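Some notes on the structure that comes next.
Here the structure is a predicted model, which is why all the values come from computation and not from measurement. The residues of the chain are indexed from 1 along the displayed sequence.
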Amino acid sequence: MFLNGQACLLDRVPAGENSTRLSFFFREQGLQQALLRERRKPGPCGPDLFQIGDVTLRKKSPEAIGFVVEFSLSEDFSGIARSYQQLTAASVTTRFFQRNLLHLESYETAWELLVHALRAYAARPLPSATLFKLVYRFARDEGYPVTRGWLHALSTASRVEIETLLRAPLDELVLPEARVLHWLERLSHYLERETAIYPPDWSLLSGGMGPRSGPCRAE
């Protein structure tokens with residue numbers, strides 16, 4: 001059987017001497033694993049990270065790992081590689097989707113969030129703000145009361161700051177990076193406590209080795 005569709009490459013890792021294991025987010029079918037056999041002749045080595053294209057997989061069954069038969073590039077986010085911070089944020093984002101796609105019943109909204117974020121990483125600064133917006137909207141779109149259960153429980157000043165972060169275009173955002181990371185951390189802790197969503201590895205954006213230990217300070 002064959003699986004065809006538009007997909008984004010989330011991850012690729014070596015799988016033996018002659019193969020690479022790929023993790024795709026298919027727009028209609030969600031997370032799919034596939035193997036790409038190494039070419040013996042010179043030529044393209046398959047899709048690169050974050051690329052979007054039309055993909056054909058050959059599979060023995062719907063549950064089996066597929067083999068990449070064809071990949072036709074339709075969108076490349078090469079601008080992401082210009083900055084280490086943007087590259088890190090994009091990698092954190094694709095890992096976030098890898099961990100959470102299996103729990104979704106439909107994929108269109110998540111697909112639109114991913115594509116919007118990758119375009120922002122490739123073209124604009126402030127990748128941490130892009131990640132915050134994505135994670136907040138992902139939780140909201142999945143039906144969690146992130147506005148009522150988290151945002152409205154904060155102080156008025158904190159709510160105003162977060163609402164500005166959510167609504168302001170990236171080019172107009174003046175919130176310091178440290179504050180964006182602070183709210184990304186707080187949101188991640190909320191998701192971990194109150195939802196089934198796996199939070200993003202936000203600490204990688206600040207050069208940390210992991211979440212700080214101890215309780216969060218109340219606002």
I'd like to check [X] versus [Y] (side-chain heavy atoms, cut-off strictly below 4.5 Å). Are they in contact?
X	Y	answer
Ser188	Glu185	no
Gln33	Phe24	no
Glu112	His116	no
Cys8	Leu114	yes
Leu151	Glu163	yes
Thr164	Leu175	no
Glu161	Arg179	yes
Val55	Leu9	no

Okay, side chain of [X], backbone of [Y]: is any donor-acceptor separation there less than 3.5 Å?
X	Y	value
Glu194	Leu191	no
Ser206	Trp202	no
Lys59	Met1	no
Arg159	Leu154	yes
Arg12	Pro47	yes
Arg82	Ala122	yes

| said: Suppose we call two aromatic rings close when their centres sit under 6.0 Å apart. Are Phe26 and Tyr107 close by that rule? | reply: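 Centroid separation for Phe26 and Tyr107: 6.0 Å or greater.
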| task | Please find out if less than 6.0 Å separates the ring center of Trp183 from that of Phe132. | result |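 Ring-ring flag for Trp183/Phe132: false, centres at least 6.0 Å apart.
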| task | Check step by step if side chain to side chain contact (heavy atoms under 4.5 Å, CB included) holds for Phe77 and Ile80. | result | CA-CA 6 Å; Phe77 305 99; Ile80 290 175; 3.6 Å; yes
Heavy-atom pair with the smallest gap, counting every atom of [X] and [Y]:
X	Y	answer
Thr20	Val13	CG2-O, 3.3 Å
Leu134	Phe97	CD1-CE1, 3.9 Å
Ser74	Gly53	OG-CA, 3.5 Å
Asp141	Leu113	OD2-CD1, 4.0 Å
Ala168	Leu173	CB-CD1, 3.9 Å
Gly79	Gln86	O-NE2, 4.3 Å

| Test salt bridge (Lys or Arg N to Asp or Glu O under 4.0 Å) applied to Arg95 - qualifying residues, sequence neighbours left out |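 Residues passing salt bridge (Lys or Arg N to Asp or Glu O under 4.0 Å) with Arg95: none at all.
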| said: Let's go through Asp54 and Asn4 carefully: what are the C-alpha distance in whole Å and the side-chain angles of both, what is the deciding distance for side chain to side chain contact (heavy atoms under 4.5 Å, CB included) to 0.1 Å, and is it a yes or a no? | reply: CA-CA 7 Å; Asp54 295 319; Asn4 307 88; over 6 Å; no
| side-chain contact (heavy atoms from CB on, under 4.5 Å) partners of Leu35, counting only residues at least two apart |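 With sequence neighbours excluded, Leu35 shows a side-chain contact (heavy atoms from CB on, under 4.5 Å) to Ala15, Arg21, Ile65, Phe67, given in chain and number order.
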| request: Quick one: sort the Tyr136 and Trp150 rings into parallel, tilted or perpendicular, breaks at 30° and 60°. | output: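 Geometry flag for Trp150 against Tyr136: tilted rings.
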| query | Aromatic rings His103 and Tyr198: how do their planes relate, parallel, tilted or perpendicular, breaks at 30° and 60°? | reply |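 Rings of His103 and Tyr198: tilted, as their planes differ by 30° to 60°.
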Inter-residue atom distance [X].[atom1] - [Y].[atom2], 0.5 Å rounding:
X	Y	atom1	atom2	result
Leu181	Ser128	CG	OG	5.0 Å
Arg119	Thr130	CZ	OG1	13.5 Å
Leu126	Asp171	CG	CG	8.5 Å
His152	Ile162	NE2	CD1	10.0 Å
Leu73	Ile52	CG	CD1	9.5 Å
Arg99	Thr94	CZ	OG1	12.0 Å

Test of understanding: clusters of I, L, V, M, F, W, Y form through side-chain heavy atoms closer than 4.5 Å, transitively. Do [X] and [Y] belong to the same one?
X	Y	result
Ile197	Leu102	yes
Val160	Val180	no
Leu22	Val69	no
Leu49	Leu10	yes
Leu36	Phe2	no

| Are Thr195 and Tyr190 close enough, and set up right, to give a side-chain hydrogen bond (donor to acceptor under 3.5 Å, both in side chains), and what steps lead you there? | CA-CA 8 Å; Thr195 76; Tyr190 167 79; over 6 Å; no
| said: Regarding Thr93 and Tyr121, do their side chains bring together a donor and an acceptor under 3.5 Å, going by distance alone? | reply: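 Yes - a donor-acceptor pair under 3.5 Å links their side chains.
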| side-chain hydrogen bond (donor to acceptor under 3.5 Å, both in side chains) assessment of Glu177 paired with Gln85 | CA-CA 12 Å; Glu177 174 76 1; Gln85 190 178 31; 3.0 Å; yes
| Could you go step by step and tell me if Glu142 and Leu104 meet the side chain to side chain contact (heavy atoms under 4.5 Å, CB included) rule? | CA-CA 8 Å; Glu142 284 304 298; Leu104 303 187; 3.2 Å; yes
| said: side chain to side chain contact (heavy atoms under 4.5 Å, CB included) for Ser91 and Asp11? Distances and angles first, verdict last. | reply: CA-CA 8 Å; Ser91 299; Asp11 192 25; over 6 Å; no
